[in-house]
**Q** 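Please find one structure pasted underneath; my questions will follow.
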Amino acid sequence: MSAPRPNPLPLSTPYPPSPRRAPVGTVAKPLPLIIDCDPGHDDAMAIAIAVARPELKLLGVTTVAGNATLPRTFENARRVLALLGAGDTPVAAGAAVPLVRPLFTAAYVHGESGLEGAEMPEPGGRVHEAGAVDLIARLVEASPEPVVLAPLGPLTNIALFLRAHPELAKKIAHISWMGGAIGEGNVTASAEFNVYVDPEAAAEVFSSGIPITMVGLDVTHLARMGAAETARLDAAGNRAGKIFADLLRYFLIFHRERYEWEFCAIHDAVAVAHLVDPDLVGVVHAAVDVELGDLARGRTIVDWFPQRLVERSRSASADVAVSIDSARFADLLIGAIATFD
Ligand code: BDR
Ligand code: CA
């Protein structure tokens, strides 16, 4: 078995730590949140945090094609909402294909359905037939407070929403996105899955001017759940704990085969956990570009040095996740799942 890396970024020059820009929800003032996702084992766990934590007010869930086709990710999101007793949450299906490229799915990670490994309940949620872009727009318009978006899949829906409703961009307080990486790839050596699937959408969203946190593989590969954490979920004694433990056992197959890891990386849940725990993830503010060419399609090019030798006009900036407290993450996730029936 390969030894886990001690630090995601062995650097010759330490990056300067930056103050985070992502807002943090509190029990007194919960953050209004919309999750856009492609469930997905780790998407399901991210939704569990959003439903469980009183610091977040989950306004709605939208789905995109990514880990599986759109009908599957939509059905999976609805099954997850039913499991979590959140059957009243508005839910809508969005884009079935990326902006310009054919769809590439991850059945090799999540199984053909996108959420293999557990007996899920019948689909729930309050279906919004007019679709994801319309649902996001209505929820953002209706919210008295600016809304936080947590996209956990390819950014297709978010790019389409910003194209259709540029006037609402000012009501998006922040985007906490799981995707990209400074130094790793999981589809190719260059690219993380969510950005690889729809790099054009990622480039559009990054250049929107909305503050973004990019929670990439450098930290999500350290957000680990292995045998000990699975046993804690089983021991929680609730139905949700048992189902999430079953999902983890399936998710482990890919991690074992691909990396020889005895743990799963719970990528998406980090982007949501970041919004409730200010001490979980460290960030550095950096310029970020998305590569649209073929050789390194979907690579996120991150430059955290304030003095750039060559200014690139299309550089956008983001808070890029560079560290995580792994034990704290596991406690937060298991604690959230344990609150359900
Ligand atoms: C991302 O890709 C998907 O398989 C996961 O759900 C996560 O959003 C990790 O690269
Ligand atoms: Ca996902």
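Just follow the structure's listing: the first ligand is 1, and inside any ligand the first atom is 1.
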**Q** Could you identify the single nearest non-hydrogen protein atom to atom 2 (O) of ligand 1 and state the distance to 0.1 Å?
**A** Phe193 CD2, 3.4 Å
**Q** Which of the atoms in ligand 1, numbered in the order shown and given with their element, are less than 4.0 Å from a heavy-atom of Met178?
**A** 1 (C), 7 (C), 8 (O), 9 (C)
**Q** One residue to check: Thr220. Relative to ligand 1, which of side chain, backbone, both or neither has a non-hydrogen atom less than 4.0 Å away?
**A** neither
**Q** What part of Leu152 sits under 4.0 Å from ligand 1 if we count only heavy atoms: the side chain, the backbone, both or neither?
**A** backbone
**Q** Charged N to carboxylate O under 4.0 angstrom, Asp279 versus Arg328?
**A**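 Counted as a salt bridge, because a side-chain N and a carboxylate O are separated by less than 4.0 Å.
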**Q** So does Asp319 pair up with Arg20, basic N to acidic O under 4.0 Å?
**A**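 Between Arg20 and Asp319 there is no salt bridge, as every charged N stays at least 4.0 Å from the carboxylate O atoms.
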**Q** Ignoring angles and geometry beyond distance, decide whether Asn186 reaches within less than 3.5 Å of ligand 1 through its nitrogen or oxygen atoms.
**A**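 Yes - when backbone and side-chain N and O of Asn186 are compared with those of ligand 1, one distance drops under 3.5 Å.
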**Q** Just to confirm my output: which protein heavy-atom neighbour is closest to atom 9 (C) of ligand 1, and how far is it?
**A** Glu192 OE2, 3.2 Å
**Q** Quick one: look up the protein heavy atom nearest atom 8 (O) of ligand 1 and list residue, atom name and how far away it is.
**A**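 Going atom by atom, the protein heavy atom closest to atom 8 (O) of ligand 1 ends up being Asp268 OD1, 2.6 Å.
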**Q** How far is atom 5 (C) of ligand 1 from its nearest protein heavy atom, and which residue and atom is that?
**A** Asp42 OD2, 3.2 Å
**Q** The Ca ion (ligand 2): which protein N, O or S atoms are under 3.0 Å away?
**A** Asp38 OD1, Asp43 OD1, Asp43 OD2, Leu152 O, Asp268 OD2
**Q** Is there a side-chain contact between His128 and Arg138, using heavy atoms and a 4.5 Å cut-off?
**A** yes
**Q** Between Glu291 and Arg297, is there a side-chain N and carboxylate O pair less than 4.0 Å apart?
**A**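 Salt bridge flag = no for Arg297 with Glu291.
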**Q** I'd like to know whether His41 forms a ring pair (Phe, Tyr, Trp, His ring centres under 6.0 Å) with Tyr250, so could you lay out the CA-CA distance, the side-chain angles of the two residues, the decisive distance to 0.1 Å, and finally the verdict.
**A** CA-CA 9 Å; His41 294 69; Tyr250 185 92; 5.5 Å; yes
**Q** Which protein non-hydrogen atom lies closest to atom 4 (O) of ligand 1, naming both residue and atom, and how far is it?
**A** Asn67 OD1, 2.6 Å
**Q** Are Asp234 and Arg249 within salt-bridge range, i.e. N to O under 4.0 Å?
**A**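 A salt bridge links Asp234 with Arg249.
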**Q** Under a 4.0 Å threshold between the charged nitrogen and the carboxylate oxygen, would Arg78 count as salt-bridged to Glu122?
**A** no
**Q** Could you check whether any heavy atom of His110 sits closer than 4.0 Å to an atom of ligand 1, since that is the contact criterion I want to use?
**A**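 Yes, His110 has a heavy atom closer than 4.0 Å to ligand 1.
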**Q** According to ring pair (Phe, Tyr, Trp, His ring centres under 6.0 Å), does anything in residues 66-92 pair up with another residue at least two apart or in another chain? List the pairs.
**A**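 Every candidate ring pair (Phe, Tyr, Trp, His ring centres under 6.0 Å) pair involving residues 66-92 fails, so no pair, neighbours aside, qualifies.
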**Q** I'd like to know if Arg256 and Glu260 make a salt bridge, using a cut-off of under 4.0 Å between side-chain N and carboxylate O.
**A**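 Looking at Arg256 and Glu260, the cut-off is not met.
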**Q** Nearest 0.5 angstrom please: Thr220 OG1 to Ile324 CD1, how far?
**A** 8.0 Å
**Q** Under a 4.0 Å threshold between the charged nitrogen and the carboxylate oxygen, would Arg72 count as salt-bridged to Glu112?
**A** yes
**Q** Could you tell me which atoms of ligand 1, counted from 1 in the order shown, lie closer than 4.0 angstrom to a heavy atom of Asn194?
**A**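 Ligand 1 atoms under the 4.0 Å threshold to Asn194: 1 (C), 2 (O), 7 (C), 8 (O).
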